[in-house]
Structure formats: structure tokens, C-alpha cells
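Just so you know, these numbers come straight off a predicted model, no measurement behind them. Quick note on labels: first sequence line is chain A, next is B, and so on, each numbered from 1.
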Protein chains: 2
Amino acid sequence: MNLEEAKQQFISSWGAFGTNWGINRTMAQIHALLLISPDPQSQDDMMEALNISRGNANMNIRDLIGWGLAERVIIPGERKEYFTAEKDIWKVAKQIVKERKKRELEPMLQLMDKLEQTEGDKRDKEMKAFIEVITGIKKLGIQADKTLETLVKAEENWFINNVIKIFR
Amino acid sequence: MNLEEAKQQFISSWGAFGTNWGINRTMAQIHALLLISPDPQSQDDMMEALNISRGNANMNIRDLIGWGLAERVIIPGERKEYFTAEKDIWKVAKQIVKERKKRELEPMLQLMDKLEQTEGDKRDKEMKAFIEVITGIKKLGIQADKTLETLVKAEENWFINNVIKIFR
DNA sequence: ATATATTTTCAGAAATATTTGAAAGTTTAA
DNA sequence: TTAAACTTTCAAATATTTCTGAAAATATAT
């Protein structure tokens, strides 16, 4: 397989892969393109490479920036905006974990707190089953939150950081 | 909030939550319903509780079973099939991790292996950038795979199992 | 065997999510 | 200032996913 074919396959598979994770195809494909592009890409570059419309490109680039996965780059003397992505996959993964934690785990824990307050007779088996599930989810969520927080804060943690380096 | 309201909210939020994770709303809602139901539920029970059609219920129950998250229960003297879900959230989480690992991580690693074989001049910067990303993803994937495998196999591991118990 | 209960399938309908493209908005250069 | 270059917005079109419901298949009881 030559480089062009490989790039195409990477972009298209990354897009399909993203779909399983609640990330839309185009956003994942733009990210894939930026990952493997040594130089910053303009919106027009992406539109051409991925065969997508201006509006679609614009919206998804903005989402990527919102996720902290891409950033604007100014090229002196150029009028257009260019974009790059962080190339260190570990940092990328950390950033994704951080965002999902904020966007999903935290709201979920809030909901569990609320549902834990449900009023009712604790001897009723329906009630018991409900409260048990809610507290179980809450405990798991808190534990996951802590674990992920440690991971995300890894660079501030000498020990973990060194463990990670071993595998890097 | 009373139990009925709380149950409703839990089911509906769990469904919305699943949507962000590539799991369809109905499947997540059925799972939520089974989680908080002390007794096994029939397909008709679920159709009524969630206001869904027979076909939809049937298909999603089967998917849940495929994910190892629900199972058929025979109630002696009853003609209908009944279903339950594992109530221990830790086991549920482990099962989900196990399945996603198999369905997504492993195929992704296979793809990276393939893309790593791409032919080309390693001094070319396009080529270099591409290979670096691929090997980075592969390394991260392998590490994640190992870590998750440890987690999933936790009950076979005395030490980890005890660490987990502390938080349980 | 026949009737009845239950489960499964699947084509078409409905709901949701994504994408387009043209118009409006903004920035920059001369 | 003006005009060209570029970016953003958003209503409508398209694509994708999910759901329905009735018919077919299967299982069970009499």
C-alpha cells in the first residue's frame, strides 16, 4: 500500500470509528487529516481533501477547536486561517478524556445525586432496588472520575508520569 | 421526588446518555428498566413501560443479550419469556469494557498494523508524519488494551480485586 | 392434529442527524 | 472608502438510524 492509499484508509476508518463514539464522521475525518498533515491546513484544503461543503467544514473545525483538538494557526503573509492538531496521541487522548469527563460524567453524577434523594419506604423492594442501582452508579462514577482525573493530571504527577514514559 | 418520577427520569436520562456513546436510546432504556426492576420483565412489560413497539422491543432485547447485559429467565409455569439484567454495576461496566474492546479496539489495532506497513521513503516528511501518528496510536492502543484486559480479568487477580473492593 | 400463545422478521414510515450552498457578516488591503 | 477575500450562519435537502406493525415463523397446550 502506498502513502496516498494509506492516508485515505486512515481518514475513512477514523471517521467510521468516531461514529461509534458519538463523534460525527466529518469531525473525526478532519481530525484524522490534521493528525497526519505535517503542515497546517486551510478550510479549503480540507474541503478538497475530504470532499465536503464549506458549511460542514466550518462547523466541524469549530467543534474540533471546542474540544481542544485543533487550533488556529496564523501564517504570516497569508490571509486565510490555517489549522493544526496536536500530534502527540497521548495528549490527544488526555484531552478527549478531559472533555468527556466534563461533558458527560459530571452531569451524570449530578443526576445520581438528585435521584438518590428519592423519597419512599426503604423496605419496599422496588425502592431498595432503585436506590441500590443509583448508589452503585454513583460510586462507580466517582471512582472513574478520580481515576481519570489522575490520568489527566498525570504530567503534574511525577510517579505516574514516569510509569507512562515507560510505555511511550 | 417520588419513586415513579425518579424511575422515569432515570430511564429517560440513561437513554439520552447512551445516545452519546453510540448506543441507541431504546436499548439503553430497556437496560435501565431491567436494572431497576427487582423482578424479571417480559417483552410486553417493557413495551408498556417504555411505550415501544413489539419489533423494537424484540430487537433491542436481543442486542442487549448480545452485549451480555441481559439474559433470558424461565419462570416455571409461565409461557412467556422473561428477562433480567446484572445488577452489580461493576460487573456491568466490566462487561461493557470487554465488549467494546473486542468490537472496536481490537479491529483498530489490526488496522494500525496494516497501515504501519505502508511503503515509502522514510525521509519524506509526509511519510514520517504518517508513520509517527500510526505508531503512536498503535502504542496507545496496545497499552489501553493491556490496561483494560487487567481490569476485565480483575476477579482472577487477587490484588486488584481487593483494591476494587475498597471502593465498592 | 389443531388451536392458541408467543417470538421473530422486515419493508416501509418516522424520527434524527448531518450536510449543503447561498446569503449575510467580517476582515483586510489598497 | 471600497472591494475583494475570507468566514459564518442557517433553512432546506439529504442521508442515516431507528421504529412500527402486520405477517410469518415457532413453540406450547389441549
Between the protein and nucleotides 25-30 of chain C, are there any N/O to N/O pairs under 3.5 Å, and if so, what are the atom names and distances?
residue : atom : partner : partner atom : Å
C:dT28  : O2   : A:R79   : NH2          : 3.1

> Nearest of D:dT7, C:dT6, D:dT9 to any side-chain atom of A:R62?
Replying inline: D:dT9

> Excluding sequence neighbours, so at least two apart, what forms side chain to side chain donor-acceptor pair (under 3.5 Å) with B:Q8?
Replying inline: none

> With sequence neighbours excluded, what pairs up with A:N20 under the side chain to side chain donor-acceptor pair (under 3.5 Å) test?
Replying inline: none

>> Can you list everything that forms a salt bridge (charged side-chain N to carboxylate O under 4.0 Å, His left out) with B:E116? Sequence neighbours excluded, please.
In response: B:K138

> Which side-chain hydrogen bond (donor to acceptor under 3.5 Å, both in side chains) pairs, counting each pair once, include a residue from residues 27-41 of chain B, with sequence neighbours left out?
Replying inline: A:K125-B:D39

Rounded distance (Å) that lies between atom [atom2] of [N] and atom [atom1] of [X]:
X     : N     : atom1 : atom2 : result
B:I74 : C:dT6 : CD1   : P     : 13 Å
A:L64 : D:dT8 : CG    : P     : 14 Å
B:K80 : C:dT4 : NZ    : P     : 18 Å
A:M47 : D:dA5 : CE    : C1'   : 14 Å

> Would you say B:S13's side chain and B:F10's backbone share a donor-acceptor pair under 3.5 angstrom?
Replying inline: no

> Does anything in residues 48-57 of chain B pair up under salt bridge (Lys or Arg N to Asp or Glu O under 4.0 Å), and if so which pairs, sequence neighbours excluded?
Replying inline: B:D44-B:R54

>> For A:F130, give me all partners under ring-ring contact (aromatic ring centres under 6.0 Å, His included), at least two apart in sequence or on another chain.
In response: none

Indicate every side-chain donor-acceptor pair of residues 58-69 of chain A with a distance under 3.5 Å to a residue at least two apart or in another chain.
residue : atom : partner : partner atom : Å
A:N58   : ND2  : A:Q43   : OE1          : 3.0
A:N60   : OD1  : A:N24   : ND2          : 3.3
A:N60   : ND2  : A:N56   : O            : 3.0
A:N60   : ND2  : A:N56   : OD1          : 2.7

For nucleotides 11-20 of chain D, list the nitrogen or oxygen atoms of the protein found under 3.5 Å from its nitrogen or oxygen atoms, one pair per line.
residue : atom : partner : partner atom : Å
D:dC19  : OP1  : B:T26   : OG1          : 2.6
D:dC19  : OP2  : B:T26   : OG1          : 3.0
D:dC19  : OP2  : B:N56   : OD1          : 3.2
D:dC19  : O5'  : B:N56   : ND2          : 3.4
D:dT20  : OP2  : B:S53   : N            : 2.8
D:dT20  : OP2  : B:S53   : OG           : 3.0
D:dT20  : OP2  : B:N56   : ND2          : 3.2

> Using a cut-off of 4.0 Å on non-hydrogen atoms, how would the nucleic acid contact of A:Q43 be classed: base, sugar-phosphate, or nothing?
Replying inline: base

> So does A:N58 get a side-chain nitrogen or oxygen closer than 4.0 Å to the phosphate oxygens (OP1/OP2) of D:dT7?
Replying inline: no

